[in-house]
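Since the structure comes first, as structure tokens, the remarks are kept for the end.
Note on naming: letters A, B, ... go to the chains in the order of the sequence lines (proteins, then strands), and numbering restarts at 1 for each one. Here the structure is a predicted model, which means the values were calculated and not measured.
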Amino acid sequence: AQTVTQSQPEMSVQEAETVTLSCTYDTSENNYYLFWYKQPPSRQMILVIRQEAYKQQNATENRFSVNFQKAAKSFSLKISDSQLGDTAMYFCAFLLYGQNFVFGPGTRLSVLP
Amino acid sequence: NAGVTQTPKFQVLKTGQSMTLQCAQDMNHEYMSWYRQDPGMGLRLIHYSVGAGITDQGEVPNGYNVSRSTTEDFPLRLLSAAPSQTSVYFCASSRPTGGPYGYTFGSGTRLTVV
């Protein structure tokens, strides 16, 4: 079975600075998808970024980018120019096509003014 | 296009009471699922469905029932609530099952069992 680990339960960063959230996963599969979801205090789950394992190029969405290291089974999220609105829980998730998501335990990020 | 609609948003139950959490989607998604979110444990799968008339258990199914009579609706039933079922519940859908573009989530239900 696949597992997802997020080793940082809580992090904080100063506004306008850069922060990296860690995620590692365990799988014997070769083709899969990885996601980062954001959950602000409103509780809504918002897709931040996704990565297809067969693509070597790291995904980027505006201020959000990932460092995908397939051999190391690592999928970290970098947030540049942090904003107060980035304060949220961040979940890393693993998906095999046709199966269910597996979520990590989450990292609570606080952006400080 | 409302996406995934969950009701209610908040609920307090007494131990032993029953209730149904409602989930409806208007995107013609074949896959629907229920997760519970607990501190430090992420989201854990309760039950899921890959189409009308088809349901299956996830990681933590005990104490919950589901049915899927239509493509749009996927209610979650608690037959006899227990304090251990205090949690935030999310309904999610996708097309196709395990679709590579991720899930669409409802806004969640915070349930407290006293």
Margin query: Can you confirm whether more than 12 heavy atoms, excluding those of A/K70, are under 6.0 Å from its NZ atom?
Written below: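 Yes, NZ of A/K70 has more than 12 neighbouring heavy atoms, counting only those of other groups under 6.0 Å.
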Note to self: For B/R44, I'd like to know if atom CZ has over 12 heavy atoms of other residues, nucleotides or ligands within 6.0 Å.
What the structure shows: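 Yes, the 6.0 Å shell around CZ holds more than 12 heavy atoms from other groups.
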Are [Y] and [X] linked, directly or through intermediate hydrophobic residues, by side-chain heavy-atom contacts shorter than 4.5 Å (ILVMFWY only)?
X     : Y      : answer
B/V60 : B/L21  : yes
B/Y48 : B/L43  : yes
A/L96 : A/W36  : yes
B/Y35 : B/L78  : no
B/W34 : B/V113 : yes

Heavy-atom distance under 4.5 Å to chain B: side chain of [X], backbone, both or neither?
X     : result
A/Y32 : neither
A/R50 : side chain
A/E52 : neither

Check: Members other than A/Y54 in its cluster, when Ile, Leu, Val, Met, Phe, Trp, Tyr link by side-chain heavy atoms under 4.5 Å?
Finding: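 When side chains under 4.5 Å apart are linked, A/Y54 ends up in no cluster with other residues.
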Which atoms of [X] approach chain A - backbone, side chain, both or neither, heavy atom under 4.5 Å:
X      : value
B/R110 : both
B/S107 : both
B/L45  : side chain
B/E59  : neither

Is the shortest heavy-atom distance from the side chain of [X] to the side chain of [Y] under 4.5 Å?
X      : Y      : answer
B/T104 : A/M45  : no
B/F90  : A/R43  : yes
B/Y31  : A/N100 : yes
B/M41  : A/P105 : no

Note to self: Show every side chain to side chain donor-acceptor pair (under 3.5 Å) that has at least one partner inside residues 74-90 of chain B, sequence neighbours left out.
What the structure shows: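 Side chain to side chain donor-acceptor pair (under 3.5 Å) check on residues 74-90 of chain B returns B/D38-B/S87, B/Y64-B/Y89, B/S67-B/R77.
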Checklist line | Atom pair CZ/OG of A/F101 and B/S94 - distance to nearest 0.5 Å | finding: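 Separation between the atoms: 8.0 Å.
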Margin query: I want to know whether B/F105 and A/Y37 have ring centres closer than 6.0 Å.
Written below: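 Close enough - the centres of the two rings lie under 6.0 Å apart.
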Item checked: Considering all heavy atoms, the nearest B/Y103-A/Q99 contact ->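 Result for this residue pair: OH-O, 4.3 Å.
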